[in-house]
Chemist: 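The structure under discussion is supplied below as structure tokens; questions concerning it will follow.
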Amino acid sequence: MTLDYLNGLNPVQYAAVTTIEGPVMVIAGPGSGKTRVLTFRIAYLIDSKIPPYKILALTFTNKAAKEMKERISSVVGEKGNQVWAGTFHSIFARILRIESEKIGFPSNFTIYDSDDTKNLINSLIKESGLDTNVYNANSVKNRISQAKSNLITPKAYADNPDIQAKDRMNAMPQTGMLYAKYVARCQRAGAMDFDDLLYQTFRLFHQNPDNVLEKYQQKFSHVLVDEFQDTNFLQYAIIKKLCMYEGSPRNICIVGDDAQSIYAFRGATIENILDFERDFNGLQTFKLEQNYRSTPHIVQAANDVITYNKRQIKKEIWTEKPKGEPIRLIKAITDSEEGKRIADSILELKHRYHLSNSEIAILYRTNAQSRIFEEFLRKYNLSYRVFGGLSFYQRKEVKDLLAYLRLTANKRDDEALRRIINYPRRGVGNTSLEKITTWANAYDISLWEATLVFAANSKGKGGLEAFVTMINSFSAKMQTLNVFDLAVYIANKTGIVQDLKGDNTQDGLNRLENIQALLDSIKEFSENDELIDEATMPDKSLQSYLQNIALISDMDQTDKNPDYITLMSVHAAKGLEFRAVFVVGLEENLFPSFQSSETIENIDEERRLFYVAITRAQEFLSLSFAKSRYRYGQIRYNEPSRFLQEIDAQRLDMPAVEAIPNFMGQQRSGVSGLLNKKPIIVAPSFKNTEILNFKASPSSQIMQGMNVLHLRFGKGTVVNIDGNNDSKVATIKFDATGDEEKRIMLKFAKLQILES
DNA sequence: GGGGGCTATGGGGGG
DNA sequence: CATAGCCCCC
């Protein structure tokens, strides 16, 4: 066989690719060709007659998975598609889709996203009569997530004195009870949250009904794990289930870099690497230290910085690249000036070195920092794209339409039902929903089943009945229509499109565009045959679509115009590289983040994050800081980041001692205290002497065509009156508001009838 | 039904 | 400061 692709590898890479039997650990420094090693290793496995469908490759991000798949296929062709390559979550979601009935979940289970989880926890807090000021949904959610990630069941949670003590200390002793309720409610809804995709997979393998574990142990003869330093206890536990058993070939290869571990805050643990050495004896380790990405200044700066971390696997990256430019230090007085100077530098780099926008990135510690850079890039007419922030799939209108699809696919999906039972409006108010919720809880049935009861007994109104009939008709259509046609049908039939068309504001137009964009992407899904992939997207069903959507993020969206400057957080930049990188906001309390300053472990994680940031640069690296910065509405003064001083001065274009002393000693970090809240000016919105004589007329006397006076809007004419009794609504055209008509509920409105 | 005002909150974030 | 969620009021 001709294995040309092996020729370009250095000796360590070659060994890491071709050592395909037994446990292997690859420690891969930044820019050391990690992805090449991973993909060539898989190609080499396939060339060594390992059936591609017996190879399991786990990554953290869709981006990494996608890149890996593409590169495997480019080396081995078609059969590369049969490799089970994907994120932990997507691979295990796929397995659960096949096996979930064995552990009490329907095969069409819903995946709850973070918002669903949070909403559900919030309802549970309220239902349980707990104080929402004390029980914060986010912290409860984090506790539950932590518990699942450490394989602690609700019962174990309740029985564990340490956990109980901690919850008591945080004044939230009922957290364990909420955890138990949450789990029960997810079960009732036939729903799994993101953690469940891993937790339930572990449960499945651990309980092992019908020897399902052996099935997958046999299925996957070779397992690869990317970014192993970011795995948590649960992920490693699943990996062990698959690879560590009597008679296992133990063909497992983990790739990672302890220096780039930046997710400890969410449970990733370096212990896993240490445990791995212990769990898999006979382990062969390869260290990739040659860097093919960056100039010596950049590589050395990275080495300088990381030596300040005590606990790490010994490793020094090096490069053969030519010297290149020193690292630029940019100091600014204000955050706004920082924005301007970065934009200036970008223009200069573009002119001097003919960089395209896509070769440039601005990396920051917090997403909130993006705004100022956007402002200046827009001013300079440079195209850019901000990653992170509110993703497309988190927008209200998108979630609304998706909720209809979700409920159609799984009627027990409580969170979807809650979202749309009265959108668009069909006269199902809070009172009805509360009745339904109480009923559902009393009989331990889903909201949908409870809704059926109320719809059948409802008198007159018919909103609920219409809702039930509509959803049922969607389910029927699901049998005959493809996903796209179904989605279009639903968007129209529910009145969502009509509702948005009625809103002529820019906001409304954007929303309508988003609905259109969602429909376009559904069309893409339903018509593009290349997307079929047994491991992650096995068919074109509604369920398959929803699963795919739930596990995708904003980061994965590709743009039609690829020539933009990239703005993203350092976390998001992991795995990427750019010719020019600006790492901004290098100030104490920002980078490193102020919440991390308490412990050495936290500062070390911030330092690894900085290490990740600077090693994204190929040729041009700029580091900037501002003396003062607006944060939470106040000007704050911070000293330059300690990390700047950890870089040997000879790598910098100006000595740090020259740049930094101006800012040392003089200013203390803290709040300026000068800025006070703006005075609140109350101005009358309507001036008219007639108001002095205002006297409201009884609402029953108000009729169509009358001239009326309103305290805020002034004079107007009643165009129309609809509804009856208490819910009469008047449509009134006021002189002051131009063409825009107001709809006012007569029950509340204070209107005076005027002589015409 | 819907707008306005008040209040709480604000770290990094994949799936 | 910016935003989201909530309550109140018309």
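Sequence lines set the chain letters: A, B, ... in the order given, protein chains first and strands last, and positions in each chain run from 1. Everything quoted here is computed from the prediction, not taken from an experiment.
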Chemist: Does the side chain of A/Ser569 get closer than 4.0 angstrom to OP1 or OP2 of B/dG13 through an N or O atom?
Modeler: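 Result: yes.
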
Chemist: Tell me: CG of A/Asp193 to C1' of B/dG14, nearest whole Å?
Modeler: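 Roughly 14 Å, once rounded to whole Å.
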
Chemist: Could you state the atom-to-atom distance from CG of A/Leu234 to C1' of B/dG15 in whole Å?
Modeler: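 About 13 Å, once rounded to whole Å.
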
Chemist: Quick one: label A/Phe60 by what it contacts on the DNA or RNA (base, sugar-phosphate, nothing), any heavy atom closer than 4.0 Å.
Modeler: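 The residue A/Phe60 makes sugar-phosphate contact but no base contact.
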
Chemist: Can you give me the dot-bracket string for DNA chain B, 5' to 3', counting Watson-Crick and G-U wobble pairs with both distances under 3.5 Å, using [ ] for crossing pairs and | for partners on another strand?
Modeler: ||||||||||.....

Chemist: Side chain of A/Ala572, heavy atoms from C-beta onward: which of B/dG15, B/dG14, B/dG12 has the nearest atom to it?
Modeler: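 Nearest listed nucleotide: B/dG14.
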
Chemist: Please determine whether any donor N or O and acceptor N or O are separated by less than 3.5 Å between the side chain of A/Thr61 and the base of B/dG15.
Modeler: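 In this structure, the two groups form no donor-acceptor pair.
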
Chemist: Determine which pairs satisfy salt bridge (charged side-chain N to carboxylate O under 4.0 Å, His left out) with at least one residue from residues 132-147 of chain A, sequence neighbours left out, and list them in order.
Modeler: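 Those involving residues 132-147 of chain A are A/Arg143-A/Asp167.
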
Chemist: Please name all residues satisfying side-chain hydrogen bond (donor to acceptor under 3.5 Å, both in side chains) with A/Ser521, sequence neighbours left out, ordered by chain then number.
Modeler: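 By the side-chain hydrogen bond (donor to acceptor under 3.5 Å, both in side chains) rule, A/Ser521 matches no residue at all.
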
Chemist: Consider the side chain of A/Lys126, meaning its heavy atoms from C-beta on, and name the nucleotide among C/dC6, B/dG13, B/dG14 that approaches it most closely.
Modeler: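 Within the option list, the nearest is C/dC6.
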
Chemist: What's the CG-P distance between A/Asn232 and B/dG14, to the nearest Å?
Modeler: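 Distance check: A/Asn232 CG to B/dG14 P gives 15 Å.
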
Chemist: Nearest whole angstrom, please: distance from the P of B/dA8 to the CG of A/Asn122.
Modeler: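 After rounding, the gap between these two atoms is 16 Å.
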
Chemist: Let me know, please, whether A/Thr366 or A/Phe194 comes out on the 5' side of the other along DNA chain B by nearest nucleotide.
Modeler: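 Upstream on the strand: A/Thr366.
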
Chemist: Check every atom of B/dG13, B/dG1, B/dG12 against the side chain of A/Arg425 and return the nucleotide holding the closest atom.
Modeler: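 So the side chain of A/Arg425 is nearest to B/dG1.
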
Chemist: Answer with base, sugar-phosphate or nothing: what part of the nucleic acid does A/Asn367 contact at a heavy-atom distance below 4.0 Å?
Modeler: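 A/Asn367: backbone/sugar contact only, no base atoms under 4.0 Å.
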
Chemist: Give the rounded distance in Å between these two atoms: OH of A/Tyr393 and C1' of B/dG14.
Modeler: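 A/Tyr393 atom OH is separated from B/dG14 atom C1' by 16 Å.
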
Chemist: What's the OH-C1' distance between A/Tyr135 and B/dT9, to the nearest Å?
Modeler: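 Taking atom C1' of B/dT9 as the reference, OH of A/Tyr135 is at 20 Å.
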
Chemist: In the structure I gave you, are the side-chain heavy atoms of A/Ile111 and A/His89 within less than 4.5 Å of one another anywhere?
Modeler: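 Side chain of A/Ile111 against side chain of A/His89, heavy atoms only: no contact under 4.5 Å found.
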
Chemist: Mind checking side-chain hydrogen bond (donor to acceptor under 3.5 Å, both in side chains) for A/Glu374 and listing every partner two or more places apart, or none if nothing turns up?
Modeler: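 Partners of A/Glu374 under the side-chain hydrogen bond (donor to acceptor under 3.5 Å, both in side chains) test: A/Ser370, A/Tyr384.
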
Chemist: Heavy-atom nearest nucleotide on DNA chain B for A/His89 versus A/Arg365: which residue maps closer to 5'?
Modeler: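 So the residue in question is A/Arg365.
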
Chemist: Report the distance from atom NZ of A/Lys66 to atom C1' of B/dG14, rounded to the nearest whole Å.
Modeler: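 Roughly 16 Å, once rounded to whole Å.
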
Chemist: Is any side-chain heavy atom of A/Met68 closer than 4.5 Å to one of A/Leu224?
Modeler: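 Side-chain contact under 4.5 Å: no.
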
Chemist: Within a strict 4.5 Å, meaning less than it, do heavy atoms of the A/Phe625 and A/Phe591 side chains meet?
Modeler: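 SC-SC contact between A/Phe625 and A/Phe591 ruled out.
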
Chemist: Is the shortest side-chain N/O distance from A/Asn62 to OP1 or OP2 of B/dG14 below 4.0 Å?
Modeler: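 No.
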
Chemist: Roughly, in whole Å, what's the span from CD in A/Gln394 to P in C/dA4?
Modeler: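 It works out to 11 Å between those atoms.
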
Chemist: Under the side-chain hydrogen bond (donor to acceptor under 3.5 Å, both in side chains) rule, collect the residues that match up with A/Arg406, sequence neighbours excluded.
Modeler: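 Residues passing side-chain hydrogen bond (donor to acceptor under 3.5 Å, both in side chains) with A/Arg406: A/Asp116, A/Asp413.
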
Chemist: Using the side-chain hydrogen bond (donor to acceptor under 3.5 Å, both in side chains) criterion, which residues pair with A/Thr717? Sequence neighbours excluded.
Modeler: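 With neighbours one apart ignored, the set is A/Asn707.
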
